[in-house]
Enquirer: 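Shown below is the structure under consideration.
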Amino acid sequence: MTTVENDAEVIVVGAGPGGSATAYHLARHGVRVLLLEKTEFPREKVCGDGLTPRAVRQLIRMGVDTSTEAGWLRNRGLRVIGGGVRLELDWPDLASFPNYGLVRTRLDFDELLAQRAVAAGAKLRTSVNVIGPVLDGDGRVVGVEAEVGPEKEPATFRAPLVVAADGVSGRLPLALGLAKREDRPIGVAVRRYYRCEAKHDDDYLESWLELRSKGSDALLPGYGWIFGLGDGRVNVGLGVLNSSSAFGKTNYRRLLTDWLANTPEEWGMTDETNAEGPILGAALPMGFNRVPHYTRGVLLVGDSGGMVNPFNGEGIAYAMESGELAAEIAVQALARPAGAERERALMAYPTELKARFGGYYRLGGVFVKLIGRPEVMRAATKYGMPHPTLMRFVLKLLANLTDPRGGDAMDRVINAMSKAAPAV
């Protein structure tokens, strides 16, 4: 019998927020981790660049310095614009989450997290494009096949466990036959950077519930955002959900420029000279739209497992949370002998994910269907926006910010709704 030497105890595919969080927490527990990234840092990603307190908590758990001196722009909450109302909602004061959000571009955010993983002991290799799994005689994944460097030299990396954190494309899960579920919500988002001195250092993330083009009262599909970056620029974008009749039938880039033509002239978001870079787009895989989250030696993390929040399009927090959970489960599994005992430990991963987010994502799926109907969205903004108490409840629900124990009445209602809803 030939013994194959493993390159690591766990291979993590993809050094985005989910992959780097996984690698960090594994390495912190003394596990030999190989983190494989197909690009070179720094590299750009299509994202709103805004982080809610849920994501901030995960950064703190990784030992990241979130001070303004370290290059972060803090925000106090969310400014919501719709129904003729402009409402500023501060992030709630909770025991479980900090009371501030952050903004930072993905250009260096991902590299910062990858370096945290390296500092904890993970081995990072860039320009390694994973193209498929290595299977043993029982069909279990025991490594990955990859192309390395610009010459795309073939390489094989082996480990008893693999984490797929390869994003919305999910090439590794797809190679295992794990396709996206069409009955789960999905969105499309486009964004662009603009020079905008008027809004670049905003204290609030700004969300537009109603979009209109210049000179028209007709509503455009989708929702928009303007997030200041603190460096003279803003990240401006919009998202459209698959519950909208416009999904897949709209020129999203044209939609963005039509909306921005209706913003105040002094913001400077209508002039091509203020734009920095092209309009870029990406899919938002929501509500566990790829399952199972564990199969045959592979755990799915973040976008790879469709973990974007259907309520608000947030993906980074859930990528990092699922990465930490996957690491905890993997540590316990690796302490057991290979076989039935280890599998029993690994099956706790999808079970715990479902317990944490399944009911909440089910509610999110209902929410997506409702707001995809223009008449429902109009009524919600018209009658909901003028009531600050109701909107504070909505903010907690949409951002998934509650204390699980000892919270206020809003927390208890939201937690009860999530528990009562059947898990997706």
Enquirer: Can you name the nearest heavy-atom pair linking P92 to N99, along with the distance?
Expert: O-CB, 3.9 Å
Enquirer: Testing the 3.5 Å rule here: is there a donor-acceptor pair between the side chains of N235 and Y194?
Expert: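 Short answer, no.
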Enquirer: Within the 4.5 Å heavy-atom criterion, are R233 and H200 side-chain neighbours or not?
Expert: no
Enquirer: For residues M385 and L87, report the shortest heavy-atom separation together with the two atoms involved.
Expert: O-CD2, 3.8 Å
Enquirer: Kindly determine whether M320 and T22 satisfy side chain to side chain contact (heavy atoms under 4.5 Å, CB included), including the steps that lead there.
Expert: CA-CA 7 Å; M320 295 178 73; T22 309; over 6 Å; no
Enquirer: Nearest heavy-atom pair of L35 and A23: which atoms, and what distance?
Expert: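 So the two residues come closest at CD2-CB, 4.1 Å.
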Enquirer: Name the residue from D166, V163, V12 that meets the side chain to side chain contact (heavy atoms under 4.5 Å, CB included) definition with V301.
Expert: V163
Enquirer: For residues R253 and G281, report the shortest heavy-atom separation together with the two atoms involved.
Expert: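 Nearest heavy atoms, R253 then G281: NH2-N, 3.8 Å.
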Enquirer: Show your reasoning for whether salt bridge (charged side-chain N to carboxylate O under 4.0 Å, His left out) applies to R212 and E210.
Expert: CA-CA 7 Å; R212 288 181 170 84; E210 294 178 338; 3.3 Å; yes
Enquirer: Is there a donor in the side chain of E343 and an acceptor in the side chain of Y294, or the other way round, less than 3.5 Å apart?
Expert: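 Looking only at side-chain atoms, Y294 and E343 do form a donor-acceptor pair, the distance falling under 3.5 Å.
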Enquirer: Could you list all the side chain to side chain donor-acceptor pair (under 3.5 Å) pairs where at least one residue sits in residues 321-330, not counting sequence neighbours?
Expert: R54-E321, Q58-E324, R61-E324
Enquirer: Between L241 and M286, does a side chain to side chain contact (heavy atoms under 4.5 Å, CB included) hold up when you go through it step by step?
Expert: CA-CA 10 Å; L241 299 165; M286 299 173 169; 3.6 Å; yes
Enquirer: Looking just at side-chain N and O atoms, do W91 and N75 make a donor-acceptor pair shorter than 3.5 Å?
Expert: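 Judged by distance alone, the side chains do pair up.
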Enquirer: Do L34 and V10 have side-chain heavy atoms sitting under 4.5 Å apart?
Expert: no
Enquirer: Hey, are the side chains of P160 and N6 touching, using non-hydrogen atoms and a 4.5 Å cut-off?
Expert: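 Yes; the side chains approach each other to less than 4.5 Å.
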Enquirer: Can you tell me if K123 has over 12 outside heavy atoms packed within less than 6.0 Å of its NZ?
Expert: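 Incorrect, the count does not exceed 12.
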Enquirer: Would you say the side-chain atoms of T105 and D49 include a donor-acceptor pair closer than 3.5 Å?
Expert: no
Enquirer: Is a donor from one side chain sitting under 3.5 angstrom from an acceptor on the other, for E265 and T270?
Expert: no
Enquirer: Work out which heavy atom in R254 is nearest to a heavy atom in N251; give both atom names and the distance.
Expert: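 Looks like N-OD1, 3.0 Å.
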Enquirer: Do Y318 and N400 have side-chain atoms, one donor and one acceptor, less than 3.5 Å apart?
Expert: yes
Enquirer: As a test of understanding, state which of E37, E40, K38 forms a side chain to side chain donor-acceptor pair (under 3.5 Å) with T126.
Expert: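 For T126, the side chain to side chain donor-acceptor pair (under 3.5 Å) test succeeds with only one of E37, E40, K38, which is E40.
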Enquirer: Kindly determine whether S213 and N262 satisfy side chain to side chain donor-acceptor pair (under 3.5 Å), including the steps that lead there.
Expert: CA-CA 6 Å; S213 57; N262 197 32; over 6 Å; no
Enquirer: In this structure, is the centre-to-centre distance between the rings of Y361 and F288 below 6.0 Å?
Expert: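 Under 6.0 Å, so yes.
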Enquirer: Does the side chain to side chain contact (heavy atoms under 4.5 Å, CB included) test come out yes or no for E44 and Y193, once each step is laid out?
Expert: CA-CA 12 Å; E44 196 169 19; Y193 295 119; 3.6 Å; yes
Enquirer: Between V236 and W225, is there a side-chain heavy-atom distance shorter than 4.5 Å?
Expert: no
Enquirer: From S244 OG over to K369 NZ, what is the distance, rounded to the nearest 0.5 angstrom?
Expert: 15.0 Å
Enquirer: Taking all non-hydrogen atoms of both residues, which atom of A327 and which atom of H25 are closest, and how far apart?
Expert: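 Between these two residues, the closest heavy atoms are CB-CB, 3.6 Å.
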Enquirer: Is R104 close enough and on-axis enough to F109, meaning under 6.0 Å and within 45°, for cation-pi?
Expert: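 No, cation not above the ring by the 6.0 Å, 45° rule.
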Enquirer: Is there side-chain contact between P285 and R184, with at least one heavy-atom pair below 4.5 Å?
Expert: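 Result no, sub-4.5 Å side-chain heavy-atom pair not found.
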Enquirer: Rounded at 0.5 Å granularity, tell me how far CZ in R296 sits from CG in D136.
Expert: 10.0 Å
Enquirer: Could you please spell out the steps behind the side chain to side chain contact (heavy atoms under 4.5 Å, CB included) verdict for R191 and V46?
Expert: CA-CA 7 Å; R191 70 100 175 102; V46 179; 4.1 Å; yes
Enquirer: Would you say the side-chain atoms of D411 pair up with the backbone N or O of D403, donor to acceptor, closer than 3.5 Å?
Expert: yes
Enquirer: Looking only at atom types and distance, does a side-chain atom of S243 sit under 3.5 Å from a main-chain N or O of V368, one as donor and one as acceptor?
Expert: yes
Enquirer: Please determine whether ring pair (Phe, Tyr, Trp, His ring centres under 6.0 Å) holds for the pair F311 and F367, giving the CA-CA distance in whole Å, both sets of side-chain angles, and the decisive distance to 0.1 Å.
Expert: CA-CA 7 Å; F311 282 105; F367 172 80; 5.0 Å; yes
